[in-house]
Visitor: 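The structure that follows is given in the form of structure tokens.
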There are 2 protein chains.
Amino acid sequence: MRPTVHDIAAAAGVSLATVDRVLNQRPGVRGVTRDKVEAAIREIGYVRDVAAANLAKGRTYPFVFIVPASDNSFMHGLNAEVRAAVARSPVERTDIRTVEVPAFDPEALVAVLDQLGEERPAGIALVATDSPEVREAVDRLVQSGIPVVTVVSDLTGSLRHHYAGVDNIAAGRTAARLLGRFLGGAKGDIAVLAGSMLVRDHRERLEGFASLIAEEFPDLTVLPVIEGRDDPDMAHMLVADALAKRDGIIGVYSLGAGNRGLIRALKDKAADRRLTVVAHELTAHTRAALLDGTIDAILNQDAGHEVRSAIRVLKAKADGLSVIDAQERIRLDIFLKDNLP
Amino acid sequence: MRPTVHDIAAAAGVSLATVDRVLNQRPGVRGVTRDKVEAAIREIGYVRDVAAANLAKGRTYPFVFIVPASDNSFMHGLNAEVRAAVARSPVERTDIRTVEVPAFDPEALVAVLDQLGEERPAGIALVATDSPEVREAVDRLVQSGIPVVTVVSDLTGSLRHHYAGVDNIAAGRTAARLLGRFLGGAKGDIAVLAGSMLVRDHRERLEGFASLIAEEFPDLTVLPVIEGRDDPDMAHMLVADALAKRDGIIGVYSLGAGNRGLIRALKDKAADRRLTVVAHELTAHTRAALLDGTIDAILNQDAGHEVRSAIRVLKAKADGLSVIDAQERIRLDIFLKDNLP
DNA sequence: GAATTTCTGATTTACGTACATCAAATTTGG
DNA sequence: CCAAATTTGATGTACGTAAATCAGAAATTC
């Protein structure tokens, strides 16, 4: 049997009430007594029974998810996963509220964060917009004792407790190696389609991609980035235009969302020439394109894993517990035609 | 607030004791009354508070993990993950026992399974050896009401509740496509190193691999399988021999464990010619080989995920709850040099 | 040394469920 | 219709922790 609070009391020679005061950091315990109790806790290896504690507290975890109001498949998927988590709330004792903020708008995000500092939820998960103001706002929250995790897009240099997302530099490098190897030593140009260079994850992917191409595939030239603002029509137009203008393009790396337009442009060109294409985010569209051969590989981050991981980590932090690091690492999924889920 | 047993009692117009009898399937309730209570449960959407129930029951989940006594890195890793789960036992209310059985020995496995049928643990996880006797033994357990999940290697046609492992046919096909694309249309032979064709997962990987090569890369010839019995020295000898004999080998697919010997053989040959290599299972050795360029890609299943998933599923089944399917799908990880964890 | 203040102990209730016991009500069989 | 059997209700205890109250002990202040 695992030790209980009663065992601590007996071991430390104090009463249950005192143990409770120490455990829950309530005032009214002398330093010496506190030390004695803490020693006993360590000695007998007591671990609080979180289930019983939550039952007694009638505790729920009021969490807030801050997501950008972007209209693309990936963010829709993320929202769906948050809603799924909300549906599980009664069982998981969570009470999740979603707040939408305009995309790429640091001020709006900071306003929401500061507001939450007042409300003091049990934890906050946010898709970070990378800016110094946001970092400072997050740091204020952390320092005031609220657990904060970033999802999908991180905030380096900040004090956030955890990042539930992929390493985007590694993602870019992986895309580069796949494209380079698939092209098998051919010489030519690579078109890169991004949403916006204002987003940190897109910048990082590009950085990783360009650096690996430069290092290991000198015969390939990375063309200036096409910014499609994650808009299908805009992406379609820009990509079609680029393909028409430049004969040398033999590969495409699409590192953002809004792949519908890209796929359309590629299919228009299909008769002329076959390109090697690596894209991000598995959606209905990219999946179909992978299966029909328009796309050669898809890199993906599983939004469901990210949301569930964020919640687990927030809970653990709220309870002052540790997390299983390996379990919380978000992997970069690589999908070929053959290993689609 | 989520509804409690009291709410059911009130809604159904019966006493708490009766609700309890219905919920826990105790005798002494008339059919009509039982129906009335069950209707109320559905109506108000009652879900048992598992935490409180376990607390009241003082329940622990006695689980048994049956693992083969194989001496290779992957099984060592699996064992380590099971031990890690045992270490978490007090917190997770599990009580996990590990039973080692001789590898590839259906009779031994059946004996253990039948024995466990007597002991009636709350759940069983096993690395299945694929044979009709084992399937029947598993079916007996399932039919007697014990939750059973297979790990790493499945048992098709059986009634096991869940399989915590990768789709090995898809893994083989993925390996084939990677190898084929990396070779960029070259013509030549592919050597395949397996542990033993008696193991189901190895057979399936080979099947997937060979079929995709045949379908899409007609210029590649898959040589007869080399069975290295997952033994480094034996693998080294056989691979070195094959490389010496056949000039045409331009790629290698290693679908089993025991990659140390393969890597040594490849390095011996490194000066002569550069092969394209895809291997299974990320270990210290394969990781180093991937980084130094001896191996081009590693396919991996995360043993930690498999063990944790198996435990979650067993718990859910033991409590009669459903599982989040997407969360329990074990992915095939593809590692290149750049996205190593 | 008395009056405060600060600490500690003892005890109780609660959380939602499980489980046991005993009494009361209802149904069933003859 | 009565006795026996079955079903239902009422009640209490337990699980491990949280949280509150009140009384008593110890330390501190003047």
Side-chain angles (χ1 to χ4, degrees), chain A residues 1-38 40-41 44-61 89-93 95 122 315 318-321, chain B residues 1-38 40-41 44-61 89-93 95 122 315 318-321:
Chain A
M1 274 321 255
R2 58 192 282 206
T4 72
V5 280
H6 296 86
D7 299 323
I8 305 176
V14 300
S15 78
L16 250 181
T18 303
V19 173
D20 181 65
R21 287 179 188 117
V22 173
L23 278 176
N24 296 291
Q25 302 164 88
R26 271 184 265 278
V29 184
R30 245 186 322 166
V32 269
T33 315
R34 166 160 277 127
D35 292 346
K36 208 164 54 177
V37 173
E38 278 166 352
I41 290 174
I44 66 177
Y46 169 84
V47 191
R48 180 198 251 107
D49 183 328
V50 183
N54 287 344
L55 178 61
K57 274 194 278 209
R59 162 164 215 176
T60 54
Y61 300 82
S89 274
V91 179
E92 296 183 343
R93 298 192 128 79
D95 176 17
K315 265 194 179 179
D319 290 333
L321 298 176
Chain B
M1 267 329 250
R2 58 192 280 205
T4 73
V5 281
H6 295 86
D7 300 322
I8 305 177
V14 300
S15 78
L16 249 181
T18 303
V19 173
D20 180 65
R21 287 178 187 117
V22 173
L23 277 176
N24 296 292
Q25 299 161 88
R26 272 185 264 279
V29 185
R30 246 186 323 164
V32 268
T33 315
R34 164 160 280 127
D35 292 347
K36 207 165 55 177
V37 173
E38 279 166 352
I41 290 174
I44 67 177
Y46 169 83
V47 191
R48 183 196 250 105
D49 184 328
V50 183
N54 287 343
L55 177 60
K57 276 195 279 211
R59 161 163 216 176
T60 54
Y61 300 82
S89 274
V91 178
E92 298 184 344
R93 297 193 130 80
D95 176 16
K315 265 193 179 178
D319 290 332
L321 298 176

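Labels below follow one simple rule: chain letters A, B, ... track the order of the sequence lines, proteins then strands, and each chain is numbered from 1. Just so it is clear, the structure is predicted and the values come from calculations on it, not from any experiment.
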Visitor: Any chance you could list the contact pattern along nucleotides 7-16 of chain D? Use B for base contacts, S for sugar-phosphate-only contacts and - for none, protein heavy atoms under 4.0 Å, 5' to 3'.
Guide: SBBB----BB
Visitor: Which distance, rounded to the nearest 0.5 Å, do you find between the OG1 of Thr4(B) and the CG of Leu16(B)?
Guide: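 Interatomic distance, Thr4(B) OG1 to Leu16(B) CG, rounded to 0.5 Å: 8.0 Å.
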Visitor: Hey, could you give me each pair passing side chain to side chain donor-acceptor pair (under 3.5 Å) that has a residue in residues 25-36 of chain B? Not counting sequence neighbours.
Guide: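 Passing the test, one end in residues 25-36 of chain B: Asp20(B)-Arg26(B).
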Visitor: Among all residues two or more places apart in sequence or in another chain, which pass the side chain to side chain contact (heavy atoms under 4.5 Å, CB included) test with Ala9(B)?
Guide: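 For Ala9(B), the residues satisfying side chain to side chain contact (heavy atoms under 4.5 Å, CB included) (neighbours in sequence not counted) are Val19(B).
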Visitor: Is there any salt bridge (Lys or Arg N to Asp or Glu O under 4.0 Å) pair reaching into residues 10-19 of chain B, and which pairs are they, with sequence neighbours excluded?
Guide: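 Counting only pairs at least two positions apart or across chains, no salt bridge (Lys or Arg N to Asp or Glu O under 4.0 Å) contact touches residues 10-19 of chain B.
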Visitor: Looking only at heavy atoms, what is the nearest atom pair of Ala122(B) and Ala318(B), with distance?
Guide: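 Closest heavy-atom pair between Ala122(B) and Ala318(B): O-CB, 3.9 Å.
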Visitor: Got a sec, which residues hit salt bridge (charged side-chain N to carboxylate O under 4.0 Å, His left out) with Arg21(B), two or more places apart in sequence or on another chain?
Guide: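 Applying salt bridge (charged side-chain N to carboxylate O under 4.0 Å, His left out) to Arg21(B) gives none.
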Visitor: According to ring pair (Phe, Tyr, Trp, His ring centres under 6.0 Å), who are the partners of Tyr61(A), at least two apart in sequence or on a separate chain?
Guide: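 With sequence neighbours excluded, Tyr61(A) shows a ring pair (Phe, Tyr, Trp, His ring centres under 6.0 Å) to Phe63(A), given in chain and number order.
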Visitor: Hey, where on DNA chain C does chain A first and last touch, going 5' to 3'? Cut-off is any atom under 4.0 Å from a heavy atom.
Guide: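 The contacted stretch runs from dC7(C) to dG16(C).
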Visitor: Can you sort out the partners of Asp7(A) under salt bridge (charged side-chain N to carboxylate O under 4.0 Å, His left out), two or more places apart, ordered by chain and number?
Guide: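 For Asp7(A), no residue satisfies salt bridge (charged side-chain N to carboxylate O under 4.0 Å, His left out) once neighbours in sequence are set aside.
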Visitor: Answer with base, sugar-phosphate or nothing: what part of the nucleic acid does Asp20(B) contact at a heavy-atom distance below 4.0 Å?
Guide: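 If one applies the 4.0 Å heavy-atom cut-off, Asp20(B) turns out to touch a base.
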Visitor: Rounding to 10 degrees, work out the angle separating the end axes of the helix from dG1(C)-dC30(D) to dG30(C)-dC1(D) (five pairs an end).
Guide: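 Rounded value for the end-axis angle: 20°.
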Visitor: Go through the structure and list residues passing salt bridge (charged side-chain N to carboxylate O under 4.0 Å, His left out) with Arg59(B), not counting sequence neighbours.
Guide: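 For Arg59(B), the residues satisfying salt bridge (charged side-chain N to carboxylate O under 4.0 Å, His left out) (neighbours in sequence not counted) are Asp319(B).
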Visitor: Determine which pairs satisfy salt bridge (Lys or Arg N to Asp or Glu O under 4.0 Å) with at least one residue from residues 47-58 of chain B, sequence neighbours left out, and list them in order.
Guide: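 Every pair satisfying salt bridge (Lys or Arg N to Asp or Glu O under 4.0 Å) with a residue in residues 47-58 of chain B: Arg93(A)-Asp49(B).
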